[in-house]
Amino acid sequence: MESLKGKTVLVTGSSRGIGAATANFLAGQGMRVAITYGRSKEHAERVFADLPGDGHLMIPFNVADESSIKDGFSKVMAEFGELSGLVNNAGITRDQLLLRMKESEFDEVIDTNLKGVFHCTKLAIKVMMKARTGSIVNITSVIGQVGGPGQSNYAASKAGVEAFSKSIAQEVGSRKIRVNCVAPGFITTDMTDELPEAIKEHYVSLVPLQTMGEPLDVAQSVAFLLSDESKYITGQTISVNGGMYM
Ligand code: NAP
């Protein structure tokens with residue numbers, strides 16, 4: 001995607017999985033990428049070393065901690081001087097049936113998956129408003145669209161991000177800033193790797209394309225939404241789920 005060349009992007013949670021694949025794909029399109037890690041510094045170092053091109057940045061960035069986010073943004077702005085794109089990808093699950101779910105498990109998921117998006121989007125919008133351009137892509141989930149047993153905290157966080165994105169798209173459209181979501185289905189990463197084999201087989205049986213998706217499938221849709229090829233698309237969600245609607 002030619003329009004991405006030379007532009008800058010921050011990808012949260014890019015030490016592993018979908019975030020790592022997205023960072024790599026965007027760097028391959030000629031973007032300067034700020035990759036970030038929470039706990040997995042060594043993974044992030046490998047991702048960083050493999051990025052095509054140059055001018056990239058690697059920073060610690062805990063999306064559940066406002067001061068870490070502010071610090072991370074300052075480092076990105078000091079290095080890049082501007083920010084064309086933000087991918088809010090960092091996310092966690094703390095699955096549990098409601099009657100057994102601790103308040104801390106609910107809060108942890110909301111703080112990371114939803115409140116983190118609030119803080120990061122606010123800081124990115126400040127920069128993008130001045131530039132009168134920008135694209136933000138939030139990674140949600142099929143679970144936020146259809147729910148899932150044992151995932152009420154996660155589903156609420158992801159549905160929240162979709163509604164948040166539609167609202168911000170309406171707030172900032174006049175400044176030529178776009179806000180969209182990519183909602184993955186069942187993708188091969190550490191997050192799904194930890195599921196029992198029987199559950200994985202069950203999920204795959206629900207996918208019309210009959211296979212799990214790969215992180216690169218998600219990365220390519222993110223790149224499209226960051227690029228000028230999607231310049232008339234905002235407030236939308238692209239589902240990358242093999243047709244899965246349980
Ligand atoms: P993953 O392999 O478990 O990776 C999660 C990433 O998020 C890691 O890089 C992790 O960084 C980062 N992260 C977690 N908590 C963080 C925090 N507090 N601050 C900063 N970074 C943090 O997960 P994934 O499957 O790639 O998921 C990526 C996104 O896609 C998530 O938002 C997830 O909800 C969504 N998603 C995934 C699937 C799927 O099937 N895999 C389906 C739908 C949606 P550290 O390890 O460095 O802490």
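FYI, side chains are in, hydrogens and waters are out, and symmetry mates aren't considered; it's all heavy atoms of this structure. Counting convention: from 1, in listed order, for ligands and their atoms alike. Note that the coordinates shown come from a computational prediction; the quantities given were computed from them, not determined experimentally.
One option in I18, V240, I187, N241 has a heavy atom closer to atom 37 (C) of ligand 1 than any other, and that option is I18. Counting heavy atoms only, S40 comes closest to atom 47 (O) of ligand 1 of the residues A64, S40, G213.
Using 4.0 Å as the threshold, N89 has a heavy atom nearer than that to some atom of ligand 1. Ligand 1 lies less than 4.0 angstrom from a heavy atom belonging to G185.
Between I92 and ligand 1, a contact under 3.5 Å exists for no N or O pair. The shortest N or O to N or O distance between Y37 and ligand 1 is not under 3.5 Å. Between P184 and ligand 1, no N or O atom pair is found at a separation short of 3.5 Å. For the pair R39 and ligand 1, the shortest N or O to N or O distance falls below 3.5 Å. Where the criterion is an N or O separation shorter than 3.5 Å, residue side chain and backbone included, V63 meets it with respect to ligand 1.
Donor-acceptor pairing under 3.5 Å is recorded for the side chains of E162 and Q145. With no hydrogens or angles considered, no side-chain donor-acceptor pair links T12 and N89 at under 3.5 Å. Side-chain contact, R16 with T189: no donor N or O sits under 3.5 Å from an acceptor N or O. Counted by atom type alone, Q151 and T93 present zero donor-acceptor pairs between their side chains at under 3.5 Å. Checking S68 against N62 by side-chain atom types alone, no donor-acceptor pair falls below 3.5 Å. Side chains of N180 and Q236: no donor on one and acceptor on the other come within 3.5 Å.
With a 4.0 Å heavy-atom cut-off, ligand 1 is reached by the backbone of T140 but not by any atom from C-beta on. Counting heavy atoms under 4.0 Å from ligand 1, residue H43 does not touch it at all. Counting heavy atoms closer than 4.0 Å to ligand 1, residue Y154 contributes side-chain atoms (C-beta onward) but none from N, CA, C or O. For T192, every heavy-atom contact with ligand 1 shorter than 4.0 Å involves the side chain, none the backbone.
Of all protein heavy atoms, the one lying nearest to atom 41 (N) of ligand 1 is T189 OG1, 3.1 Å. Taking atom 10 (C) of ligand 1 as the reference point, the nearest protein heavy-atom neighbour is R16 NH2, 3.6 Å. Counting only heavy atoms of the protein, atom 5 (C) of ligand 1 lies nearest to G91 O, 3.8 Å. Counting only heavy atoms of the protein, atom 20 (C) of ligand 1 lies nearest to F61 O, 3.0 Å. The shortest contact between atom 16 (C) of ligand 1 and any protein heavy atom is with T112 CG2, 4.1 Å. Protein heavy atom closest to atom 9 (O) of ligand 1, with residue, atom name and distance, is S15 OG, 2.8 Å. Scanning all protein heavy atoms for the shortest distance to atom 21 (N) of ligand 1 gives A90 CB, 3.6 Å. For atom 30 (O) of ligand 1, the closest non-hydrogen atom on the protein side is I139 CG2, 3.4 Å.
Annotation for D190: atom CG counts as buried by contact number, over 12 foreign heavy atoms lying within 6.0 Å. Within 6.0 Å of NZ in K200 there are more than 12 heavy atoms belonging to other residues, nucleotides or ligands.
Which parts of ligand 1 touch G17 is read off a 4.0 Å heavy-atom cut-off, strictly below it: atoms 2 (O), 26 (O). Residue K158 has at least one heavy-atom neighbour below 4.0 Å for each of these atoms of ligand 1: 31 (C), 32 (O), 33 (C), 34 (O). Interface of F186 with ligand 1, defined as ligand atoms under 4.0 Å from a residue heavy atom, comprises 40 (O). When each atom of ligand 1 is checked for a heavy atom of D190 under 4.0 Å away, the hits are 2 (O).
Within the 4.5 Å cutoff, no side-chain heavy atoms of V161 are placed close to those of N88.
The closest donor-acceptor contact from the side chain of S14 to the backbone of T36 lies under 3.5 Å.
Checking I18, I143, N241 one by one against P184, the side-chain contact (heavy atoms from CB on, under 4.5 Å) holds for a single residue, I18.
Between the CD atom of Q96 and the CE atom of M101 there is a distance of 6.5 Å, given to the nearest 0.5 Å. Rounded to the nearest 0.5 angstrom, E171 CD and M129 CE are separated by 8.0 Å.
Under a hydrophobic-cluster definition in which Ile, Leu, Val, Met, Phe, Trp and Tyr are linked whenever side-chain heavy atoms come within less than 4.5 Å, directly or via other members, V179 and I233 are assigned to different clusters.
Between F164 and F118, the ring planes are perpendicular. Angles over 60° get that label, and only those under 30° would be called parallel.
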